[in-house]
Amino acid sequence: MNEFIPLMVIIPIACALLLNLFHKKDKTVILMGIIVAIVLPIIPLIANYGLHYFGGHAPLITNSTLLSTLPSTIQNSALALFHPAVTYSYGALQKIFIFILGIIAFFAIFNSLSQNKKVSGPLMFLMFMGTAAVTAILLSDDIFHMYIFFEISALTQTGIILTSKTENNYETALKYMILGSIGGPLLLLGIGFVLGAVGSVNITDIVYAISHNLVDPLSPTLLFAFGLIFFGWLYTSGLPPFHTIKSGVYSKALPNASVLLQAFTVIIFIAIGIAIFRIFSYLPFFKTLIVVFSLIAMVLGVTMAIMQTDFRRMIAFLAVGELGYIGLGFGLATKLSITAGLFQAVNELVITALLFIGFGTILYLTKISDTRKLGGMIQHNSIVAIMVLIGGFAMAGVPPLNGFQSKLMIIQASLQSGFPEISIIAILVSIVTFMVFMKAYHSIYLKPKPNDLVGADKLVPRSSIAAIAILLIICIVLGLFPHLVTDNISQFAMGLI
Amino acid sequence: MTDILLILGDTQLMSLFTAAAFIVVGLFAAIFLDNIIKKIIGIAFIEEGANLFIVALGYKAGGVVPIFLPGMSADWFAANSAYPLPQALVLTSIVIGASTLAVMLAISMVLYKKYGTLSASEILGDKKTQTLAEKNAGDNNE
């Protein structure tokens, strides 16, 4: 039933709005929050693949009776093929990512509810609204629709930082908003140029118009549009030069919220990345540009991560580096590389969530995120410490975990494409990632406990342990059986190229 | 002179020029001015410039409002109506822009109460700026 497709967006939005109505009724908020959080990963599993046309407005070509009543100028033109309404497209790729997003949203919401004595209605509202916005971005086949939901997700991310009540959170939120308010309209302007050239904002229509030479593919209008949209993509994804502000955003949110924020970033990165790839991959410099920015993100990400003493900022910068691997997949533009890049995106979602929740337990226990002031935490809860260690191994690409599989595929893809230099950089970045993680892990868990470290007598919340364990199981399963994801993604990648 | 008059008389072209001017002025204010409120006004200029640009795309000289009324032939309507899509897009964009501005202004108010200044370099810069509370505590100690 294709009715499930819009429900993936409508349910979290409706829940978010209802939570506002039930503000201060804590039991209702908790009940509704948990029920909807459970439903989120279930809907993509039961929904059938297909298209959903809002308002039932399918392309005119599908309705011959209506088409025959229209002027011949429309009947005989590409307008008959164009999509008159917002279209949602649901396939294997969307299923995987929305399912994973649902699981992460569930853990973030459940942990927030179970670990805070006071229920934060606004935080719940923002988490559900952000999840809905990101799901819409992933489903949408309409570039303007993507822009609108990106702006909504940016607002929710700002709200999440504001509700976190961490030090200097308002300053970070304003910085993010000012940069976003420059990046967002420039993205809109790029969409405006595409609209001016093609007359539609539907991605399938735009691709049709360009591929059938209805517009000049190398016209200055489209080139300028590419520049603006590409700039917007860098901002939305936190790629350089926006990597510092994005990592600041992660570090100012509470760990459970950071889990969701990084998931939003990764999904927006791939959704807009795929849209850009579909529209502009014919440009001669497209692949080079993507590869260059991806390599910069990888190198800058790990380089900045080395210098961090706050483990939240460290994970945030490592996450930027991991985005570079996904970008490489798009940039190399082969079936294997795109499959590898998208598989890496799935893995990054899971691994970074694991690390944020895992290291978040330290913040919960000690209220400290500075690695210099921590130590000896392995004695406190060795099971969590071991699970976090394996999660770090997965991020660094240690076999046989999922990170290893996706990074190996990216290296193979770059070798197949005739770029051994890229594989060398990818391996080096992976090694540095391992070193950065081990340095932080040693500081937090292995070195002797400082005498002035207090608050470590509390127990790690069971909800966090369960979340880490389940995410770790996903890492191991995807490491041992990568085809569970790659088989589905490779079909999508084939269609993309 | 005739060329300039022709350009000035072309509503669409003038709108596009105005949009470009809005965006350039807005970018200058957002990047180079230090006062946060002025930055926000600059951002509003950028947003409105982008909106005006998109609205101008749908303009049709001598066109009619894109509402199909009884008595109109489909051919005539298709040839003479303005393009409605940009207007619909901009309506949504204006709402989003207004929400963004509201949130930014609200955050600015909080930061002004905290620091007693609206200087972006002091509030958002890398150097640690004393908050009003810290300044007051320092004055009391003296």
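Below, chains carry the letters A, B, ... as their sequence lines are ordered, and counting in each starts from 1.
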Neighbourhood of chain A inside residues 82-90 of chain B, taking heavy atoms under 4.5 Å as contact = Y83(B), L85(B), P86(B), L89(B)

Considering only heavy atoms, give the residues of residues 32-45 of chain B separated from chain A by less than 4.5 Å, sorted numerically, with 'none' for an empty result.
-> I36(B), K39(B), I43(B)

Does CZ belonging to F224(A) count more than 12 external heavy atoms closer than 6.0 Å?
-> no

More than 12 heavy atoms from other groups under 6.0 Å of CE on M72(B) | yes

Using non-hydrogen atoms only, which part of [X] is less than 4.5 Å away from chain B: side chain, backbone, both, or neither?
{"X": "I148(A)", "value": "both"}
{"X": "L162(A)", "value": "side chain"}
{"X": "F144(A)", "value": "side chain"}
{"X": "T158(A)", "value": "side chain"}

Between [X] and [Y], what is the shortest heavy-atom contact and its length?
{"X": "L124(B)", "Y": "K175(A)", "value": "O-CE, 3.3 Å"}
{"X": "A50(B)", "Y": "P185(A)", "value": "CB-O, 4.0 Å"}
{"X": "G192(A)", "Y": "F53(B)", "value": "C-CE2, 3.6 Å"}

Under a 4.5 Å cut-off applied to non-hydrogen side-chain atoms, are S108(B) and L174(A) in contact?
-> yes

Validation row: L189(A), I54(B) side chains within 4.5 angstrom (heavy atoms) = no

Name all residues meeting the side chain to side chain contact (heavy atoms under 4.5 Å, CB included) criterion together with Y112(B); count only those two or more places apart in sequence or in a different chain, and write none if there are none.
-> L118(B)

Set of side chain to side chain contact (heavy atoms under 4.5 Å, CB included) partners for A253(A), sequence neighbours left out | I160(A), S164(A), A257(A), S258(A), L261(A)

Nearest 0.5 Å, please: how far is [atom2] in [Y] from [atom1] in [X]?
{"X": "F150(A)", "Y": "I96(B)", "atom1": "CZ", "atom2": "CD1", "answer": "11.0 Å"}
{"X": "Y170(A)", "Y": "K113(B)", "atom1": "OH", "atom2": "NZ", "answer": "10.0 Å"}
{"X": "S181(A)", "Y": "E47(B)", "atom1": "OG", "atom2": "CD", "answer": "5.5 Å"}
{"X": "L105(B)", "Y": "M177(A)", "atom1": "CG", "atom2": "CE", "answer": "10.0 Å"}

Can you check side-chain contact (heavy atoms from CB on, under 4.5 Å) on S99(B) and L155(A), steps first, answer last?
-> CA-CA 8 Å; S99(B) 320; L155(A) 278 172; 3.9 Å; yes

Between N168(A) and K114(B), is a side-chain contact (heavy atoms from CB on, under 4.5 Å) present by the stated rule, with each step listed?
-> CA-CA 11 Å; N168(A) 293 335; K114(B) 184 176 172 184; 3.6 Å; yes

Does any heavy atom of chain A fall under 4.5 Å from the side chain of S73(B), the backbone, both, or neither of them?
-> neither

Leading residue by heavy atom contact count with chain A [cutoff under 4.5 Å; candidates I31(B), V95(B), L27(B), L57(B)] | L57(B)

